[in-house]
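Every number for a ligand or one of its atoms is a count from 1 in the order of the listing. By convention here, the first residue in the shown sequence is residue 1. What's counted below: heavy atoms across the whole structure, side chains too, no hydrogens, waters or symmetry copies.
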Amino acid sequence: MPKIRRSMHGHWSSGVVFVLAATGSAVGLGNLWRFPYLVGESGGGAFVLIYLLCILLVGTPIMIAEVMLGRRGRRSPINSLRVIAREEGLSPNWQLLGWMGVVAGFMILSFYSVVGGWTLFYSVEALQGAFSGISGNQAGQVFAGLVDSAWLVVGWHTAFILILFVIVAAGVRKGLQRAVTILMPMLFALLVLLVLHGMTTGGFAATVQFMFKPDFSVVDATTVLTALGQAFFTLSLGMGAIMVYGAYLPSSTSIPGTTAWIVGMDTLTAIIAGLAIFPIVFAANMEPAQGTSLVFITLPVVFGEIPFGFVLGVMFFALLTLAAVTSGISLLEPAVAYITEVSRLRRAWAAAAVTAAIWLMGVAAGLSLNIWSDVRLLPFMDQGIFDMLEFISSNILLPLGGLLTAVFVAWCMTRKTVLSELDLHSHGQTYKIWLFATRYIAPTAVILVFLHSIGLF
Ligand code: PHE
(Lines give C-alpha, C1' and ligand atoms only; values in the text may rest on other atoms or scores of the structure.)
Protein backbone atom coordinates (compact mmCIF):
# COMPACT_ATOMS: atom_id res chain seq x y z
CA MET A 1 0.00 0.00 0.00
CA PRO A 2 2.63 2.65 0.89
CA LYS A 3 4.42 1.82 -2.35
CA ILE A 4 1.71 3.54 -4.35
CA ARG A 5 1.37 6.47 -1.99
CA ARG A 6 1.68 9.73 -3.85
CA SER A 7 2.70 13.21 -2.75
CA MET A 8 0.06 15.92 -3.06
CA HIS A 9 2.84 18.35 -3.94
CA GLY A 10 3.88 16.47 -7.08
CA HIS A 11 6.97 14.44 -7.94
CA TRP A 12 10.33 15.02 -9.59
CA SER A 13 10.17 13.83 -13.15
CA SER A 14 13.10 11.43 -12.63
CA GLY A 15 15.80 10.32 -10.24
CA VAL A 16 18.27 12.55 -12.06
CA VAL A 17 16.12 15.59 -11.38
CA PHE A 18 16.05 14.63 -7.72
CA VAL A 19 19.85 14.45 -7.69
CA LEU A 20 20.01 17.90 -9.23
CA ALA A 21 17.48 19.37 -6.86
CA ALA A 22 19.10 17.82 -3.81
CA THR A 23 22.52 18.91 -5.04
CA GLY A 24 21.03 22.37 -5.51
CA SER A 25 19.96 22.22 -1.89
CA ALA A 26 23.29 20.91 -0.67
CA VAL A 27 25.60 23.14 -2.71
CA GLY A 28 25.23 26.69 -1.55
CA LEU A 29 26.68 29.26 0.77
CA GLY A 30 27.65 26.36 3.01
CA ASN A 31 30.25 25.29 0.45
CA LEU A 32 31.40 28.62 -0.88
CA TRP A 33 31.09 30.94 2.07
CA ARG A 34 30.87 28.89 5.25
CA PHE A 35 33.31 26.07 4.51
CA PRO A 36 36.25 28.31 3.56
CA TYR A 37 35.72 30.65 6.47
CA LEU A 38 35.49 27.78 8.96
CA VAL A 39 38.60 26.13 7.54
CA GLY A 40 40.39 29.46 7.91
CA GLU A 41 39.21 29.97 11.46
CA SER A 42 39.81 26.41 12.56
CA GLY A 43 43.38 26.18 11.41
CA GLY A 44 43.12 24.19 8.17
CA GLY A 45 44.01 20.56 7.51
CA ALA A 46 42.88 18.94 10.74
CA PHE A 47 39.49 20.55 10.40
CA VAL A 48 39.20 19.43 6.77
CA LEU A 49 40.06 15.87 7.73
CA ILE A 50 37.54 15.70 10.57
CA TYR A 51 34.95 17.29 8.31
CA LEU A 52 35.53 14.66 5.62
CA LEU A 53 35.22 11.87 8.17
CA CYS A 54 31.94 13.35 9.41
CA ILE A 55 30.63 13.52 5.84
CA LEU A 56 31.52 9.90 5.16
CA LEU A 57 30.64 8.23 8.44
CA VAL A 58 27.79 10.36 9.73
CA GLY A 59 26.37 12.48 6.91
CA THR A 60 26.11 9.89 4.16
CA PRO A 61 24.22 7.22 6.13
CA ILE A 62 21.89 9.85 7.58
CA MET A 63 21.18 11.26 4.14
CA ILE A 64 20.11 7.79 2.98
CA ALA A 65 17.88 7.56 6.06
CA GLU A 66 16.30 10.95 5.43
CA VAL A 67 15.55 10.33 1.77
CA MET A 68 14.08 6.98 2.71
CA LEU A 69 11.80 8.51 5.35
CA GLY A 70 10.62 11.19 2.97
CA ARG A 71 9.77 8.75 0.22
CA ARG A 72 8.08 6.40 2.65
CA GLY A 73 5.87 9.14 4.05
CA ARG A 74 5.42 11.20 0.86
CA ARG A 75 4.55 14.24 2.96
CA SER A 76 6.20 17.13 4.78
CA PRO A 77 8.70 15.86 7.37
CA ILE A 78 6.31 16.49 10.26
CA ASN A 79 3.52 14.48 8.68
CA SER A 80 5.77 11.81 7.20
CA LEU A 81 7.21 11.10 10.64
CA ARG A 82 3.75 11.08 12.17
CA VAL A 83 2.39 8.62 9.59
CA ILE A 84 5.42 6.34 9.61
CA ALA A 85 5.49 6.28 13.41
CA ARG A 86 1.84 5.24 13.40
CA GLU A 87 2.36 2.54 10.78
CA GLU A 88 5.33 1.19 12.67
CA GLY A 89 3.48 1.24 15.97
CA LEU A 90 5.74 3.91 17.47
CA SER A 91 5.04 6.99 19.54
CA PRO A 92 3.37 9.88 17.68
CA ASN A 93 5.87 12.13 19.43
CA TRP A 94 8.34 11.32 16.69
CA GLN A 95 6.71 14.10 14.71
CA LEU A 96 8.43 16.50 17.10
CA LEU A 97 11.57 15.71 15.17
CA GLY A 98 9.86 17.29 12.18
CA TRP A 99 8.96 20.34 14.24
CA MET A 100 12.50 20.71 15.44
CA GLY A 101 13.58 20.70 11.81
CA VAL A 102 11.16 23.49 11.00
CA VAL A 103 12.61 25.57 13.85
CA ALA A 104 16.15 24.85 12.65
CA GLY A 105 15.15 25.80 9.09
CA PHE A 106 13.74 29.13 10.27
CA MET A 107 16.88 29.91 12.21
CA ILE A 108 19.20 28.94 9.39
CA LEU A 109 17.30 30.81 6.75
CA SER A 110 17.21 33.98 8.80
CA PHE A 111 20.98 34.39 8.71
CA TYR A 112 21.36 32.56 5.39
CA SER A 113 19.22 35.11 3.65
CA VAL A 114 21.28 37.93 5.12
CA VAL A 115 24.34 36.39 3.45
CA GLY A 116 22.22 35.72 0.36
CA GLY A 117 21.61 39.46 0.34
CA TRP A 118 25.36 40.06 0.36
CA THR A 119 25.72 37.90 -2.76
CA LEU A 120 23.08 40.03 -4.49
CA PHE A 121 24.87 43.20 -3.43
CA TYR A 122 28.15 41.80 -4.78
CA SER A 123 26.52 40.84 -8.08
CA VAL A 124 25.45 44.43 -8.54
CA GLU A 125 28.84 45.79 -7.45
CA ALA A 126 30.53 43.49 -9.95
CA LEU A 127 28.19 44.70 -12.64
CA GLN A 128 29.18 48.27 -11.90
CA GLY A 129 32.84 47.41 -12.29
CA ALA A 130 33.58 48.12 -8.63
CA PHE A 131 36.26 45.44 -8.39
CA SER A 132 38.54 46.49 -11.19
CA GLY A 133 42.09 46.71 -9.82
CA ILE A 134 40.85 46.54 -6.23
CA SER A 135 43.34 45.75 -3.43
CA GLY A 136 42.69 43.52 -0.43
CA ASN A 137 42.31 46.58 1.77
CA GLN A 138 39.84 48.22 -0.54
CA ALA A 139 37.86 44.99 -0.79
CA GLY A 140 37.74 44.98 3.00
CA GLN A 141 36.30 48.48 2.92
CA VAL A 142 33.62 47.47 0.43
CA PHE A 143 32.57 44.65 2.73
CA ALA A 144 32.63 46.83 5.82
CA GLY A 145 30.61 49.47 3.98
CA LEU A 146 27.98 46.82 3.39
CA VAL A 147 27.71 45.13 6.76
CA ASP A 148 28.07 48.32 8.78
CA SER A 149 25.02 49.76 7.10
CA ALA A 150 21.74 48.63 8.62
CA TRP A 151 19.87 49.81 5.54
CA LEU A 152 22.01 47.97 3.04
CA VAL A 153 22.02 44.72 4.98
CA VAL A 154 18.28 44.72 5.61
CA GLY A 155 17.48 45.95 2.10
CA TRP A 156 19.45 43.22 0.36
CA HIS A 157 18.22 40.60 2.78
CA THR A 158 14.68 41.64 1.87
CA ALA A 159 15.46 41.37 -1.84
CA PHE A 160 16.88 37.89 -1.39
CA ILE A 161 13.92 36.62 0.60
CA LEU A 162 11.53 38.02 -1.99
CA ILE A 163 13.23 35.94 -4.66
CA LEU A 164 12.82 32.84 -2.52
CA PHE A 165 9.19 33.66 -1.92
CA VAL A 166 8.41 34.02 -5.62
CA ILE A 167 9.97 30.68 -6.47
CA VAL A 168 8.49 28.67 -3.63
CA ALA A 169 5.09 30.25 -4.13
CA ALA A 170 5.14 29.22 -7.78
CA GLY A 171 5.95 25.63 -6.88
CA VAL A 172 9.44 24.33 -7.15
CA ARG A 173 9.27 22.16 -10.24
CA LYS A 174 9.57 23.89 -13.57
CA GLY A 175 11.78 26.94 -13.30
CA LEU A 176 14.01 25.44 -10.75
CA GLN A 177 14.62 22.11 -12.41
CA ARG A 178 15.88 23.89 -15.44
CA ALA A 179 17.94 26.45 -13.57
CA VAL A 180 19.69 23.79 -11.60
CA THR A 181 20.54 21.71 -14.67
CA ILE A 182 22.31 24.47 -16.51
CA LEU A 183 23.53 26.88 -13.93
CA MET A 184 25.08 24.65 -11.30
CA PRO A 185 27.56 23.13 -13.80
CA MET A 186 28.44 26.67 -14.86
CA LEU A 187 29.18 27.66 -11.29
CA PHE A 188 31.36 24.61 -10.94
CA ALA A 189 33.26 25.42 -14.15
CA LEU A 190 33.90 28.95 -12.91
CA LEU A 191 35.25 27.61 -9.64
CA VAL A 192 37.65 25.34 -11.51
CA LEU A 193 38.80 28.37 -13.47
CA LEU A 194 39.46 30.18 -10.21
CA VAL A 195 41.50 27.24 -8.94
CA LEU A 196 43.59 27.35 -12.12
CA HIS A 197 44.14 31.02 -11.48
CA GLY A 198 45.02 30.24 -7.89
CA MET A 199 47.77 27.93 -9.14
CA THR A 200 49.50 30.89 -10.74
CA THR A 201 49.40 33.15 -7.69
CA GLY A 202 52.26 31.69 -5.71
CA GLY A 203 49.89 30.98 -2.85
CA PHE A 204 48.90 27.55 -4.11
CA ALA A 205 51.59 25.48 -2.39
CA ALA A 206 50.75 27.17 0.90
CA THR A 207 47.08 26.42 0.29
CA VAL A 208 47.65 22.71 -0.25
CA GLN A 209 49.79 22.67 2.85
CA PHE A 210 47.18 24.54 4.84
CA MET A 211 44.20 22.50 3.72
CA PHE A 212 45.63 19.02 3.60
CA LYS A 213 48.37 18.86 6.18
CA PRO A 214 46.59 18.27 9.46
CA ASP A 215 47.98 19.96 12.51
CA PHE A 216 46.12 18.40 15.41
CA SER A 217 47.59 20.77 17.94
CA VAL A 218 45.03 23.37 16.87
CA VAL A 219 42.08 21.02 17.36
CA ASP A 220 39.85 21.42 20.38
CA ALA A 221 36.29 20.34 21.24
CA THR A 222 34.79 23.26 19.35
CA THR A 223 36.73 22.38 16.19
CA VAL A 224 35.22 18.92 16.15
CA LEU A 225 31.74 20.21 16.91
CA THR A 226 32.07 22.79 14.16
CA ALA A 227 33.22 20.18 11.64
CA LEU A 228 30.30 17.94 12.54
CA GLY A 229 27.84 20.83 12.35
CA GLN A 230 29.27 21.86 8.98
CA ALA A 231 28.87 18.30 7.65
CA PHE A 232 25.16 18.48 8.45
CA PHE A 233 24.85 22.05 7.22
CA THR A 234 26.52 21.48 3.88
CA LEU A 235 24.54 18.30 3.14
CA SER A 236 21.27 19.99 4.20
CA LEU A 237 20.74 17.28 6.81
CA GLY A 238 19.03 17.18 10.16
CA MET A 239 16.16 19.56 9.46
CA GLY A 240 14.01 17.85 6.86
CA ALA A 241 15.11 19.58 3.65
CA ILE A 242 16.44 16.38 2.13
CA MET A 243 13.53 14.45 3.62
CA VAL A 244 10.96 16.65 1.92
CA TYR A 245 12.83 16.37 -1.39
CA GLY A 246 12.81 12.61 -0.88
CA ALA A 247 9.02 12.79 -0.61
CA TYR A 248 8.92 13.80 -4.28
CA LEU A 249 11.30 11.05 -5.43
CA PRO A 250 10.04 8.46 -7.95
CA SER A 251 9.59 5.03 -6.36
CA SER A 252 11.95 3.22 -8.71
CA THR A 253 15.04 5.32 -7.99
CA SER A 254 17.90 3.83 -5.94
CA ILE A 255 18.38 5.85 -2.78
CA PRO A 256 21.99 4.85 -1.94
CA GLY A 257 23.03 5.51 -5.54
CA THR A 258 21.56 8.99 -5.70
CA THR A 259 22.94 9.83 -2.27
CA ALA A 260 26.46 8.97 -3.39
CA TRP A 261 26.17 11.49 -6.21
CA ILE A 262 24.83 14.26 -4.02
CA VAL A 263 27.47 13.79 -1.33
CA GLY A 264 30.23 13.51 -3.93
CA MET A 265 29.31 16.70 -5.74
CA ASP A 266 28.82 18.65 -2.56
CA THR A 267 32.15 17.62 -1.11
CA LEU A 268 34.01 18.29 -4.33
CA THR A 269 32.52 21.76 -4.53
CA ALA A 270 33.61 22.62 -1.01
CA ILE A 271 37.18 21.42 -1.58
CA ILE A 272 37.39 23.26 -4.90
CA ALA A 273 36.07 26.41 -3.24
CA GLY A 274 38.84 26.17 -0.66
CA LEU A 275 41.44 25.64 -3.38
CA ALA A 276 40.12 28.70 -5.19
CA ILE A 277 40.01 31.02 -2.22
CA PHE A 278 43.07 30.31 -0.06
CA PRO A 279 45.72 30.96 -2.73
CA ILE A 280 44.50 34.55 -2.82
CA VAL A 281 44.59 34.75 0.95
CA PHE A 282 48.18 33.56 1.11
CA ALA A 283 49.46 35.39 -1.95
CA ALA A 284 48.10 38.69 -0.61
CA ASN A 285 49.15 38.01 2.99
CA MET A 286 45.61 38.20 4.21
CA GLU A 287 44.36 36.63 7.40
CA PRO A 288 42.75 33.17 6.88
CA ALA A 289 40.91 33.44 10.19
CA GLN A 290 38.96 36.59 9.41
CA GLY A 291 35.58 34.85 9.61
CA THR A 292 32.43 35.53 7.64
CA SER A 293 34.00 38.19 5.43
CA LEU A 294 36.62 35.84 3.95
CA VAL A 295 35.08 35.02 0.58
CA PHE A 296 33.70 38.49 0.09
CA ILE A 297 37.08 40.09 0.56
CA THR A 298 39.24 37.65 -1.39
CA LEU A 299 37.23 37.04 -4.53
CA PRO A 300 36.74 40.65 -5.64
CA VAL A 301 40.54 40.96 -5.61
CA VAL A 302 40.93 38.11 -8.09
CA PHE A 303 38.19 39.34 -10.35
CA GLY A 304 39.81 42.75 -10.25
CA GLU A 305 43.08 41.45 -11.63
CA ILE A 306 42.44 38.54 -13.99
CA PRO A 307 41.63 38.89 -17.70
CA PHE A 308 37.87 39.01 -18.32
CA GLY A 309 37.54 39.56 -14.58
CA PHE A 310 34.57 41.83 -15.10
CA VAL A 311 32.45 39.23 -16.90
CA LEU A 312 33.65 36.39 -14.72
CA GLY A 313 32.98 38.37 -11.56
CA VAL A 314 29.46 39.22 -12.56
CA MET A 315 28.81 35.63 -13.54
CA PHE A 316 30.33 34.27 -10.36
CA PHE A 317 28.34 36.36 -7.93
CA ALA A 318 25.14 35.86 -9.91
CA LEU A 319 25.67 32.10 -9.82
CA LEU A 320 26.56 32.24 -6.14
CA THR A 321 23.26 34.00 -5.54
CA LEU A 322 21.56 31.25 -7.49
CA ALA A 323 23.29 28.54 -5.48
CA ALA A 324 22.06 30.28 -2.34
CA VAL A 325 18.55 30.47 -3.77
CA THR A 326 18.41 26.75 -4.61
CA SER A 327 19.44 26.00 -1.03
CA GLY A 328 17.12 28.60 0.45
CA ILE A 329 14.03 27.13 -1.15
CA SER A 330 14.81 23.75 0.37
CA LEU A 331 15.01 25.43 3.76
CA LEU A 332 11.52 26.81 3.23
CA GLU A 333 9.93 23.73 1.73
CA PRO A 334 9.37 21.60 4.87
CA ALA A 335 7.33 24.34 6.57
CA VAL A 336 5.49 25.37 3.41
CA ALA A 337 4.59 21.78 2.55
CA TYR A 338 3.34 21.22 6.09
CA ILE A 339 1.11 24.28 6.09
CA THR A 340 -0.43 23.38 2.74
CA GLU A 341 -1.11 19.86 4.01
CA VAL A 342 -2.88 20.82 7.18
CA SER A 343 -4.58 24.08 6.34
CA ARG A 344 -5.73 23.84 2.75
CA LEU A 345 -4.13 27.22 2.39
CA ARG A 346 -2.83 27.79 -1.11
CA ARG A 347 0.90 27.23 -1.48
CA ALA A 348 1.47 30.91 -2.22
CA TRP A 349 -0.12 31.97 1.07
CA ALA A 350 1.76 29.36 3.02
CA ALA A 351 4.98 30.59 1.44
CA ALA A 352 4.05 34.18 2.27
CA ALA A 353 3.45 33.38 5.93
CA VAL A 354 6.70 31.47 6.31
CA THR A 355 8.87 33.99 4.48
CA ALA A 356 7.39 36.87 6.46
CA ALA A 357 8.31 35.24 9.75
CA ILE A 358 11.80 34.42 8.54
CA TRP A 359 12.24 37.89 7.12
CA LEU A 360 11.64 39.33 10.56
CA MET A 361 14.19 37.06 12.21
CA GLY A 362 16.60 37.91 9.40
CA VAL A 363 16.23 41.61 10.13
CA ALA A 364 17.32 40.93 13.69
CA ALA A 365 20.26 38.87 12.42
CA GLY A 366 21.25 41.59 9.97
CA LEU A 367 21.01 44.39 12.51
CA SER A 368 23.13 42.42 14.95
CA LEU A 369 26.04 43.06 12.58
CA ASN A 370 25.77 46.81 13.00
CA ILE A 371 23.41 48.79 15.23
CA TRP A 372 22.49 45.87 17.46
CA SER A 373 25.96 44.43 17.74
CA ASP A 374 25.81 44.60 21.53
CA VAL A 375 22.50 42.82 21.86
CA ARG A 376 22.71 39.41 23.54
CA LEU A 377 19.54 37.31 23.55
CA LEU A 378 20.86 34.44 25.61
CA PRO A 379 22.63 35.42 28.80
CA PHE A 380 24.86 32.35 28.75
CA MET A 381 26.09 32.85 25.20
CA ASP A 382 28.32 35.77 24.43
CA GLN A 383 27.33 35.97 20.77
CA GLY A 384 25.37 38.47 18.74
CA ILE A 385 22.08 37.37 17.18
CA PHE A 386 23.57 36.36 13.81
CA ASP A 387 26.31 34.23 15.38
CA MET A 388 23.96 32.78 17.93
CA LEU A 389 21.44 31.67 15.30
CA GLU A 390 24.25 30.16 13.26
CA PHE A 391 25.73 28.35 16.23
CA ILE A 392 22.54 26.92 17.71
CA SER A 393 21.04 25.81 14.42
CA SER A 394 24.12 24.33 12.78
CA ASN A 395 26.07 22.99 15.71
CA ILE A 396 23.23 21.83 17.91
CA LEU A 397 19.87 21.44 16.17
CA LEU A 398 21.13 19.82 12.96
CA PRO A 399 23.33 17.17 14.64
CA LEU A 400 20.56 16.51 17.15
CA GLY A 401 18.04 16.12 14.32
CA GLY A 402 20.44 13.77 12.57
CA LEU A 403 20.97 11.75 15.74
CA LEU A 404 17.23 11.29 16.25
CA THR A 405 16.73 10.41 12.58
CA ALA A 406 19.38 7.72 12.87
CA VAL A 407 17.82 6.34 16.05
CA PHE A 408 14.35 6.35 14.52
CA VAL A 409 15.37 4.58 11.34
CA ALA A 410 17.98 2.15 12.60
CA TRP A 411 16.64 1.32 16.06
CA CYS A 412 12.88 1.86 15.97
CA MET A 413 11.54 1.14 12.48
CA THR A 414 11.05 -2.47 11.40
CA ARG A 415 13.75 -3.96 9.24
CA LYS A 416 11.14 -5.02 6.72
CA THR A 417 9.90 -1.49 6.02
CA VAL A 418 13.40 -0.11 5.80
CA LEU A 419 14.55 -2.83 3.43
CA SER A 420 11.58 -2.52 1.14
CA GLU A 421 11.83 1.27 0.92
CA LEU A 422 15.58 1.16 0.31
CA ASP A 423 15.04 -1.73 -2.09
CA LEU A 424 17.94 -3.65 -0.58
CA HIS A 425 18.46 -7.21 0.66
CA SER A 426 19.20 -7.80 4.29
CA HIS A 427 22.30 -9.84 3.45
CA GLY A 428 23.68 -7.32 0.92
CA GLN A 429 26.86 -5.37 1.64
CA THR A 430 25.29 -1.96 1.10
CA TYR A 431 22.59 -2.61 3.65
CA LYS A 432 24.97 -4.04 6.22
CA ILE A 433 27.37 -1.14 5.98
CA TRP A 434 24.59 1.42 6.02
CA LEU A 435 22.87 -0.18 9.00
CA PHE A 436 26.09 -0.38 10.99
CA ALA A 437 26.90 3.26 10.30
CA THR A 438 23.40 4.48 11.06
CA ARG A 439 22.96 2.32 14.15
CA TYR A 440 26.31 2.70 15.81
CA ILE A 441 28.73 5.11 14.20
CA ALA A 442 26.53 8.14 13.54
CA PRO A 443 24.74 8.24 16.91
CA THR A 444 27.92 7.56 18.87
CA ALA A 445 29.81 10.24 17.00
CA VAL A 446 27.15 12.87 17.59
CA ILE A 447 26.76 11.98 21.26
CA LEU A 448 30.51 11.96 21.88
CA VAL A 449 30.98 15.28 20.18
CA PHE A 450 28.11 16.82 22.17
CA LEU A 451 29.38 15.51 25.48
CA HIS A 452 32.89 16.59 24.67
CA SER A 453 31.88 20.10 23.70
CA ILE A 454 29.98 20.72 26.90
CA GLY A 455 33.12 19.67 28.68
CA LEU A 456 31.84 16.36 29.99
CA PHE A 457 34.86 14.33 29.11
N1 PHE B 1 23.29 22.94 2.38
C2 PHE B 1 23.09 24.33 2.20
C3 PHE B 1 24.42 25.00 1.90
O4 PHE B 1 25.43 24.38 1.98
C5 PHE B 1 22.43 24.97 3.38
C6 PHE B 1 21.26 24.21 3.93
C7 PHE B 1 21.28 23.73 5.22
C8 PHE B 1 20.15 23.95 3.11
C9 PHE B 1 20.24 22.98 5.72
C10 PHE B 1 19.09 23.20 3.61
C11 PHE B 1 19.15 22.72 4.91
O12 PHE B 1 24.48 26.15 1.61
Any atoms of ligand 1 less than 4.0 Å from a non-hydrogen atom of [X]? List them with their elements.
X      : value
Asn31  : 4 (O)
Met239 : 11 (C)
Ser330 : 8 (C), 10 (C)

State, with a plain yes or no, whether a side-chain heavy atom of Met68 is found less than 4.5 Å away from one of Val409. yes
If we only count heavy atoms from C-beta on, is the Val263 to Thr267 side-chain gap below 4.5 Å? yes
Can you find an N or O of [X] that's nearer than 3.5 Å to an N or O of ligand 1?
X      : answer
Phe233 : yes
Gly30  : yes
Leu29  : yes

Sidechain N-carboxylate O distance under 4.0 Å for Arg82, Glu341: no
For the residue pair Tyr248 / Glu333, report whether a side-chain donor-acceptor contact shorter than 3.5 Å exists. yes
Rounded to the nearest 0.5 Å, the CG atom of Leu191 sits from the CG atom of Leu32 at a distance of 5.5 Å
Would you mind finding which of Ala22, Ser327, Ala26, Ser25 brings a heavy atom closest to atom 4 (O) of ligand 1? Ala26
Identify the closest protein heavy atom to atom 8 (C) of ligand 1: which residue and atom is it, and at what distance? Ser236 OG, 3.3 Å
Using the ring of each side chain (for Trp, its six-membered ring), is Tyr112 parallel, tilted or perpendicular to Phe233, with breaks at 30° and 60°? tilted
With a 4.0 Å heavy-atom cut-off (strictly under), which part of Tyr112 contacts ligand 1: side chain, backbone, both or neither? side chain
Assess Arg439 against Trp411: is NZ or CZ under 6.0 Å from the centre of the six-membered ring, and within 45 degrees of the ring's axis? yes
